[in-house]
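What follows is a set of notes on a single structure, which appears directly below.
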There are 2 protein chains.
Amino acid sequence: MKAPVLSALLKEKGYKLTAQRQAILTALRHLGERASAKVIYEELCKQKPAVSLDTVYRNLRLLAEIGIVQQILLQSGAVFELTDDGRHHHHLVCVDCEKVVCISYCPESCVYTEQARLAGFAVLGHLFEVYGRCADCQQK
Amino acid sequence: MKAPVLSALLKEKGYKLTAQRQAILTALRHLGERASAKVIYEELCKQKPAVSLDTVYRNLRLLAEIGIVQQILLQSGAVFELTDDGRHHHHLVCVDCEKVVCISYCPESCVYTEQARLAGFAVLGHLFEVYGRCADCQQK
DNA sequence: TCAGTAAATAAGAATATTACTATTTAGAAA
DNA sequence: TTTCTAAATAGTAATATTCTTATTTACTGA
């Protein structure tokens with residue numbers, strides 16, 4: 001996700017482009033695949049401008065809302081990853097070691113859309129994660 | 001879900017039938033559809049035996065694991081509901097007012113099962129919730 | 001460029017959730 | 001019934017996450 005795209009997505013919803021938001025994305029890139037809010041905060045503490053922990057949480061939520069990052073719910077807390085191509089995707093999560101593997105399957109179904117319509121809901125999105133045990137943990 | 005069934009499900013996994021676990025389920029029945037851990041705790045404070053907040057959280061997690069209750073993730077925190085027929089189901093959640101509506105659609109797909117197999121994962125379950133805006137909130 | 005305004009931030013308080021530890025208890029077996 | 005042991009509990013501490021408020025800042029339009 002390039003800076004101009006971020007800028008456009010923010011503007012679209014009346015959000016502002018701040019140094020902190022850019023710094024959070026840069027940190028996430030440097031940290032690799034995925035990281036918790038706390039880890040991102042600690043990474044940012046090494047840099048300028050300083051970013052408060054609250055700002056990290058708030059912006060990760062906002063960046064998730066506009067689709068730039070995705071939140072993955074683990075037993076030990078949430079982690080975030082970049083949504084590089086702008087399309088959301090889902091994950092296999094190991095309940096023992098918390099390993100995360102991306103999958104391409106997505107429950108895009110006209111069935112639940114229809115059920116939502118009947119209930120009067122306008123669908124905005126969905127949350128889908130698969131829980132299981134990875135190959136390593138199955139052998140223990 | 002009747003008491004004998006609870007007993008059997010617990011025993012199956014080496015868990016014990018305690019007064020606290022029964023009390024939590026009873027409270028959830030009395031409270032109606034769904035409630036947060038805190039609300040359940042407060043309900044139980046009126047009764048004997050006393051149940052600590054930690055025990056409420058711990059057991060709601062355990063009861064969810066054995067399929068007797070389901071956790072629903074809201075912005076304001078998690079709520080729990082009884083899984084009356086023993087079959088899990090999913091929900092529409094309004095992002096504005098947090099209204100929850102059950103739906104019958106479930107992403108039981110051999111597609112993601114196959115993707116999990118290729119990644120070496122043994123699937124244990126999945127999390128699926130649909131987010132949107134309810135009829136009332138669309139008019140605001 | 002400058003002023004105005006809504007949005008964003010930092011810092012700390014509040015809340016939600018989980019972990020730790022000593023004690024108690026349910027269920028199994030003698 | 002009594003004893004034994006792993007599991008469960010209560011109470012508290014720790015952590016994760018969100019909220020509140022005063023201040024600062026990004027963007028808009030003159």
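Just so we're on the same page: letters track the sequence lines, and every chain starts at 1.
Here the CG atom belonging to Leu82(B) is positioned 6.5 Å from the CG atom belonging to Leu25(B), to the nearest 0.5 angstrom.
Within the structure, a side-chain polar atom (N or O) of Gln20(A) is placed less than 4.0 Å from OP1 or OP2 of dA10(C). Between Gln75(B) and dT17(D) there is no side-chain N or O to OP1 or OP2 distance below 4.0 Å. For Ser52(A), no side-chain nitrogen or oxygen approaches OP1 or OP2 of dA11(C) to under 4.0 Å. Contact check, Arg61(A) against dT17(D): no side-chain N or O comes under 4.0 Å of OP1 or OP2. Between Tyr57(B) and the phosphate of dT18(C), there is no side-chain N or O to OP1/OP2 separation shorter than 4.0 Å. A sub-4.0 Å separation between OP1 or OP2 of dT9(C) and a side-chain N or O of Arg58(A) is present. Within the 4.0 Å cut-off from OP1 or OP2 of dT9(C), at least one side-chain nitrogen or oxygen of Thr18(A) is found. Taking only side-chain nitrogens and oxygens, Arg21(A) comes nearer than 4.0 Å to OP1 or OP2 of dA8(C). For dT18(C), the OP1/OP2 oxygens have no side-chain nitrogen or oxygen of Ser76(A) closer than 4.0 Å.
Between Ala19(B) and Leu53(B), the residue anchored closer to the 5' end of DNA chain C is Leu53(B), taking for each the nucleotide with the nearest heavy atom. Nearest-nucleotide positions on DNA chain D for Lys16(B) and Val56(B) put Lys16(B) closer to the 5' end. Between Tyr15(B) and Asn59(A), it is Asn59(A) whose nearest contact on DNA chain C lies nearer the 5' terminus.
Scanning atom types as modelled, no donor and acceptor separated by under 3.5 angstrom connect the side chain of Lys38(B) and the base of dA16(C).
Here dG27(C) presents its P atom at 18 Å from NZ of Lys13(B), a figure rounded to the nearest Å. Following rounding to the nearest Å, Leu60(A) (CG) and dA16(D) (P) show an atom-to-atom distance of 14 Å. Rounded to an integer number of Å, the gap from OH of Tyr41(B) to C1' of dT12(D) is 12 Å. Put simply, CD on Gln71(B) is 10 Å from C1' on dT17(C), counting in whole angstrom units. Here the C1' atom of nucleotide dA28(C) and the CG atom of Leu17(B) are 15 Å apart, to the nearest Å. The CD atom of Glu98(B) sits 12 Å away from the P atom of dA16(C) (whole-angstrom rounding). Atom CG of Leu10(B) and atom P of dA28(C) are 12 Å apart (whole Å). Distance, Leu74(B) CG to dT15(C) C1': 16 Å, rounded to whole Å.
Counting only N and O atoms by type, the side chains of His91(A) and Gln70(A) include no donor and acceptor under 3.5 Å apart.
Residues Gln71(B) and Val69(B) form no side-chain contact, since every pair of their non-hydrogen atoms from C-beta on lies 4.5 Å or further apart.
At distances below 3.5 Å, not a single donor-acceptor pair connects side-chain atoms of Gln75(B) with backbone N or O atoms of Glu98(B). Glu129(B) places no side-chain N or O within 3.5 Å of a backbone atom of Leu127(A) that could act as its donor or acceptor partner. The main-chain N or O of Lys16(B) is found under 3.5 Å from a side-chain atom of Arg21(B) such that the two form a donor-acceptor pair.
Residue contacts shown for Ala78(A) are limited to sugar-phosphate atoms, with no base heavy atom under 4.0 Å away.
When distances run from any side-chain atom of Lys11(A) to the nucleotides dT28(D), dT18(C), dA16(C), the shortest one goes to dT28(D).
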